[in-house]
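What follows is a single structure, written as structure tokens, with notes after it.
None of the values given here were measured: they were computed from a predicted structure.
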Amino acid sequence: MLSRKASCDSHEQDSSYFLGWQEYEKNPYHEVQNPNGIIQMGLAENQLSFDLLESWLASNTDALGLKRNGRSVFRELALFQDYHGFPAFKNELVEFMAKLRGYKVAFDPNKLVLMAGSTSANEILMFCLAEPGEAFLLPTPYYPGFDRDLKWRTGVEIVPIHCSSSNDFRITACALEEAYQRAQKLNLKVKGVLVTNPSNPLGSTLNRDELNHLIDFAIKKEVHIISDEIYSGTVFDSPSFISITEAVMEKHVDHESDLLGRIHIVYSLSKDLGLPGFRVGMIYSNNETVVAAATKMSSFGLVSSQTQFLLSNMLSDKKFTSKYIKENQRRLKKRKDMLVSGLRSAGIGCAKSNAGLFCWVDMRYLLRSDTFEAEKELWKRILFEVGLNISPGSSCHCSEPGWFRVCFANMSQEILKVAIRRIEAFAESLSSASGRENLSHQRSARNSRRSLSKWVFPISSYNDHEPADR
Amino acid sequence: MSFVDRNQENLLSKIATGNGHGENSPYFDGWKAFENDPFHASENPRGVIQMGLAENQLCFDLIQDWTKKNPKASICTPDGVDAFRDIAIFQDYHGLPEFRNAVAKFMTKVRGNRVRFDPNRIVMSGGATGAHETIVFCLANPGEAFLVPTPYYPGFDRDLRWRTGVQLLPVVCESSNNFKVTRKALEAAYESAQEANIRVKGLLLTNPSNPLGTVLDRETLRSIVSFINEKNIHLVSDEIYAATVFSEPGFVSISEIIEEEIICNRDLIHIVYSLSKDMGFPGFRVGIIYSYNDAVVHCSRKMSSFGLVSSQTQHLIASMLSDDEFVDRFIAESAKRLGKRHEVFTQGLDQVGIGYLKSNAGLFLWMDLHHLLKEQTFEAEMELWRVIINEVKLNVSPGSSFHCSEPGWFRVCFANMDDSTMDLALTRIVTFALQSKEVRIQRKKCWASNRLRLSFSKRRMDDIMMAQSLLSPHSPIPQSPLVRART
């Protein structure tokens with residue numbers, strides 16, 4: 001009756017990533033109305049800097065009111081459906097993107113294509129670069145939504161590049177090659193690699209070695225590189241962000257233009273500006289054919305002209321954007337430090353991170369056994385007993401059980417404190433319970449706690465009385 | 001093929017390098033001609049007037065007036081700015097509840113409150129463009145087919161086929177019975193598909209029709225419902241022009257038919273809607289899928305992630321369409337103005353004997369110029385079309401781009417310009433028609449001789465000279481472009 005796509009589950013929206021979300025919606029935390037409810041820590045949203053946006057809007061009511069110099073441009077906007085996008089908006093976006101990369105790269109607005117969110121951008125790139133049944137390699141762990149965005153309607157396959165905690169989940173040349181061989185054995189033609197940089201869920205930027213491995217791989221195998229850089233504005237600590245384009249320039253490869261024609265960047269304003277509702281995504285590509293095809297495909301999900309107008313005005317205020325980027329990053333760092341410190345006092349470590357809206361938390365030692373079943377068990381306990389919706393590593397296709405992504409930027413400071421208290425209480429209850437457990441469990445727990453020191457770095461102590469941020 | 005092209009073909013997908021996007025059709029060529037030489041009342045009065053764009057620009061004054069009185073809708077009052085945060089983070093693919101409620105109510109009003117729409121069945125999409133693609137992804141597999149009555153909107157070739165791999169098979173409709181969708185034509189199309197071993201998954205209707213500007217009557221709709229039930233195939237009813245019906249007979253939606261005592265499996269019924277035509281908001285990208293099939297609602301809602309409506313726009317639309325008094329006034333006034341514009345245009349055409357399909361809806365007219373063709377072929381139609389663009393300076397859309405089975409028909413849009421531009425466009429058409437008439441008459445009289453003489457009454461000459469000066473800065477001698485083509 002319906003299509004195969006309608007009936008099949010490859011979008012995996014029944015994975016724990018979405019199940020946890022559903023549970024949260026049934027029983028959402030509210031400090032007054034539902035203080036025992038579930039706190040949402042599974043949503044990578046940036047809610048820390050709305051006050052900055054709001055104050056800009058309050059002084060620039062023309063932009064929201066769809067006016068230019070006091071004159072209404074409603075009609076113009078209501079009729080504007082050109083899939084090339086608002087020129088002013090694209091000019092501002094390339095300038096903004098360059099700014100986020102410290103002006104080490106320049107972008108051409110004619111190579112930028114707008115569409116409704118990075119969800120759409122990633123799907124469009126798949127439609128442009130691969131046939132049904134062909135494959136893209138993705139380093140694990142990766143954003144669960146890719147299973148839907150890259151595969152569902154396109155018929156493209158994802159082959160994971162296994163990354164391991166033993167080297168901080170870095171992409172190695174070996175892992176790339178191994179994934180490629182695995183794809184070959186499965187009779188899957190590899191069309192490219194898709195990386196998220198900064199990484200979701202790791203919260204770290206790719207280092208130069210990793211970028212060079214990717215570039216070498218792409219040259220050797222003549223495949224594409226898609227660099228999803230939607231978190232590029234959330235880098236709050238060193239090392240600084242290195243964009244794929246910058247890495248290619250610095251490497252001085254032969255036939256650079258050939259390679260550049262296979263490099264495509266995905267960007268969005270959902271994370272950096274905290275505006276996921278406005279559906280502003282984009283593809284940047286040096287490949288003319290890709291730009292032309294993607295532009296036509298964007299017809300299926302253009303950015304509302306009302307939104308393009310508002311944001312082109314906002315981004316044209318350079319003083320504002322500089323101030324916003326800096327302040328936003330400062331707040332993100334502070335919030336991350338708060339979470340890491342709170343976890344540490346609960347005896348829980350995190351992977352070192354310098355970006356993103358989340359921490360990659362190591363709860364391996366809390367598992368009953370080194371299995372994904374045990375991870376799921378722990379996840380459910382944390383969801384239902386502790387009342388926190390966090391994302392289990394298995395939903396991110398992590399190859400090792402026990403890792404969880406915990407978001408910290410989508411709530412107020414007070415709620416984060418509540419969450420940290422709950423984690424501390426939970427960890428304590430576990431360690432007192434484990435005292436009654438058998439010796440082998442304790443031994444492995446001790447071993448894991450020893451390895452914790454590898455992950456937990458000295459951070460300035462969290463002071464309860466610091467001036468509140470949002 | 002150059003090395004680079006071959007390389008791109010290996011590097012990229014067939015979808016990216018092929019022509020499935022359909023933009024090489026003449027429908028888009030006219031747009032390009034317009035873009036090279038666009039009419040502007042003061043800056044380029046001899047430019048090409050755009051009559052190939054089905055847009056509704058007649059009621060912006062009403063809307064602008066409303067937005068001025070309702071700044072909260074644009075989130076730009078001091079209180080409103082607080083709402084900004086909640087709107088900006090809202091990315092739930094169910095859509096803002098107030099948005100869904102407002103759209104459901106609007107759809108109800110447009111159908112004269114004869115049916116109710118359930119807000120929980122409202123699914124967002126990136127315009128009707130996104131809605132069509134999404135619904136096909138839900139209903140059909142690559143290689144399967146949808147039947148579409150001709151003539152149909154050229155964009156369907158891209159929207160329904162390009163990335164989905166689904167085919168479109170024509171249900172041929174003819175001018176002899178005003179392009180009615182007959183049971184016979186439906187059966188014939190279905191049988192052809194069977195013979196070619198193509199599995200038909202559904203039928204796509206546009207009601208009111210683009211490009212015809214007509215509505216489907218109850219009898220036809222019932223016959224269609226019976227057909228799709230018998231074959232157990234889906235029915236997608238594209239009702240994006242529902243509020244553009246300006247005279248009798250009124251609009252009958254598929255939603256009304258299935259409420260009647262008629263055998264119908266509701267799981268087969270789906271509506272595509274949008275605010276681009278009825279409200280004139282194509283830039284805001286508000287597309288809607290409304291399905292009576294729960295599984296399709298769920299699936300299309302998940303797919304809507306690929307083209308959600310900006311929450312900023314959802315908020316604006318929710319506010320606007322919740323204002324009952326405004327909506328009632330808008331619907332009535334819009335229909336009235338469209339009716340008036342249609343009347344002015346058709347009266348102008350009547351005066352020079354240009355035929356057109358009698359219509360009561362839409363933003364365009366289906367004009368019959370077959371008597372101006374050199375011969376009854378599509379090549380002749382393209383030749384005439386090039387003359388109309390390059391000489392008469394009007395971008396109209398040739399019937400062949402709508403897959404019309406008969407040459408000589410053209411879609412001419414009339415709602416995307418102000419009154420004075422409309423008058424100018426009419427003058428150009430009338431002038432052209434008169435010249436062509438004269439040429440045809442003279443050709444009949446003097447066909448034996450090779451010399452063509454054109455003679456006019458003095459009064460006619462004055463009219464044409466005046467019009468000519470608006471038409472072209474070139475020859476002062478009134479000469480039909482068709483003459484130039486011939487000799």
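Two residues are said to be in side-chain contact when any heavy atoms from C-beta on lie closer than 4.5 Å; B:N10 and A:E222 fail this criterion. A:L302 places none of its side-chain heavy atoms less than 4.5 Å from the side chain of B:T129. With contacts defined as side-chain heavy-atom distances shorter than 4.5 Å, the pair B:R285/A:Q81 qualifies. Using a 4.5 Å heavy-atom threshold, the side chains of A:E45 and B:Q91 count as touching.
Applying the side chain to side chain contact (heavy atoms under 4.5 Å, CB included) criterion to A:T295, with sequence neighbours excluded, gives A:Y83, A:H84, A:V113, A:V291. Shown here are the side chain to side chain contact (heavy atoms under 4.5 Å, CB included) partners of B:K68, two or more places apart in sequence or in another chain: there are none.
The local environment of NE2 in A:H30 is crowded, with over 12 non-hydrogen atoms from other residues, nucleotides or ligands closer than 6.0 Å.
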(message) Applying ring pair (Phe, Tyr, Trp, His ring centres under 6.0 Å) to B:F84 and A:F278, what does each step give before you reach the verdict?
(response) CA-CA 11 Å; B:F84 179 82; A:F278 288 1; 5.7 Å; yes
(request) Output, in order, the C-alpha distance, side-chain angles, deciding distance and verdict of side-chain contact (heavy atoms from CB on, under 4.5 Å) for A:F74 and B:L316. (result) CA-CA 12 Å; A:F74 186 94; B:L316 172 69; 4.1 Å; yes
(request) Would you check, one step at a time, whether the test side-chain contact (heavy atoms from CB on, under 4.5 Å) holds for B:N293 with A:L2? (result) CA-CA 10 Å; B:N293 181 321; A:L2 302 185; 4.0 Å; yes
(request) Evaluate the criterion side-chain contact (heavy atoms from CB on, under 4.5 Å) for residue pair A:R153 and B:T134; output intermediate values, then yes/no. (result) CA-CA 10 Å; A:R153 307 191 306 180; B:T134 294; 3.7 Å; yes
(request) Output, in order, the C-alpha distance, side-chain angles, deciding distance and verdict of side-chain contact (heavy atoms from CB on, under 4.5 Å) for B:R163 and A:I124. (result) CA-CA 10 Å; B:R163 306 190 305 181; A:I124 286 180; 3.6 Å; yes
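Here the closest heavy-atom approach between residue A:S72 and residue B:Q64 is recorded as OG-CG, 3.7 Å. In terms of heavy atoms, B:M303 sits closest to A:K5 at CE-CB, 4.3 Å. Across all non-hydrogen atoms, the minimal contact from B:F60 to A:A78 is CE2-CB, 3.6 Å. B:R158 and A:S299 make their closest contact through NH1-OG, 3.4 Å (heavy atoms, listed as atom of the first residue, atom of the second, distance). Closest non-hydrogen pair, A:R4 versus B:N141, comes out as N-OD1, 2.8 Å. Of all non-hydrogen atoms in A:C128 and B:A16, the two that sit nearest each other are O-CB, 3.5 Å.
Proximity to chain A is limited to the backbone of B:F90, based on heavy atoms less than 4.5 angstrom apart. When heavy atoms are compared at a cutoff of 4.5 Å, B:H234 approaches chain A solely by way of its side chain, counted from C-beta outward. If you measure heavy-atom distances from B:L268 to chain A, the contacts under 4.5 Å come from the side chain alone. The parts of A:V290 that come within reach of chain B are both its backbone and its side chain, each placing non-hydrogen atoms under 4.5 angstrom from that chain. Neither the backbone nor the side chain of B:T164 comes within less than 4.5 Å of any heavy atom in chain A. Contact annotation for B:N232: only side-chain heavy atoms (C-beta onward) come within less than 4.5 Å of a heavy atom of chain A. Looking at A:K67, neither its backbone nor its side chain comes within 4.5 Å of chain B, counting heavy atoms on both sides. In this structure, the portions of B:Q312 lying under 4.5 Å from any heavy atom of chain A include both its backbone and its side chain. With a 4.5 angstrom heavy-atom cutoff, A:M115 does not touch chain B via any of its atoms. The contact between B:T313 and chain A is made by backbone and side chain atoms together, counting heavy-atom distances below 4.5 Å. Heavy atoms of B:L275 lying under 4.5 Å from chain A are absent altogether. For B:Q57, the parts lying under 4.5 angstrom from a heavy atom of chain A are both the backbone and the side chain. Looking at B:D267, neither its backbone nor its side chain comes within 4.5 Å of chain A, counting heavy atoms on both sides. Contact of B:D61 with chain A is not made at all, since no heavy-atom distance falls under 4.5 Å.
Here CD1 of B:I15 is found 13.5 Å from NZ of A:K296. Values are rounded to the nearest 0.5 Å. One distance of note links CZ of B:F306 with CZ of A:R279; it measures 10.5 Å at 0.5 Å rounding. Atom-to-atom distance recorded for A:S3:OG and B:K201:NZ is 7.0 Å, nearest 0.5 angstrom. For the atom pair CG (A:L275) and CD1 (B:I87), the distance works out to 12.0 Å, reported to the nearest 0.5 Å.
Across A:L53, A:D149, A:L66, the residue that shares the most heavy-atom pairs under 4.5 angstrom with chain B is A:D149. Across A:E76, A:E288, A:K191, the residue that shares the most heavy-atom pairs under 4.5 angstrom with chain B is A:K191. Ranked by heavy-atom pairs shorter than 4.5 Å toward chain A, the options B:G130, B:P282, B:G127 are led by B:P282. Residue with the most contacts toward chain A among B:E133, B:M279, B:H21, B:H298: B:E133 (heavy-atom pairs, distance under 4.5 Å). Ranked by heavy-atom pairs under 4.5 Å with chain A, the first of B:S276, B:A128, B:P142, B:G126 is B:G126. Of the listed residues A:G301, A:S305, A:G155, A:P276, the one with more heavy-atom pairs under 4.5 angstrom with chain B than any other is A:P276.
Formation of a donor-acceptor pair under 3.5 Å by the A:H224 side chain with backbone atoms of B:L11 is found in this model.
If you check the side chains of B:S310 and A:T307, you find a donor sitting under 3.5 Å from an acceptor.
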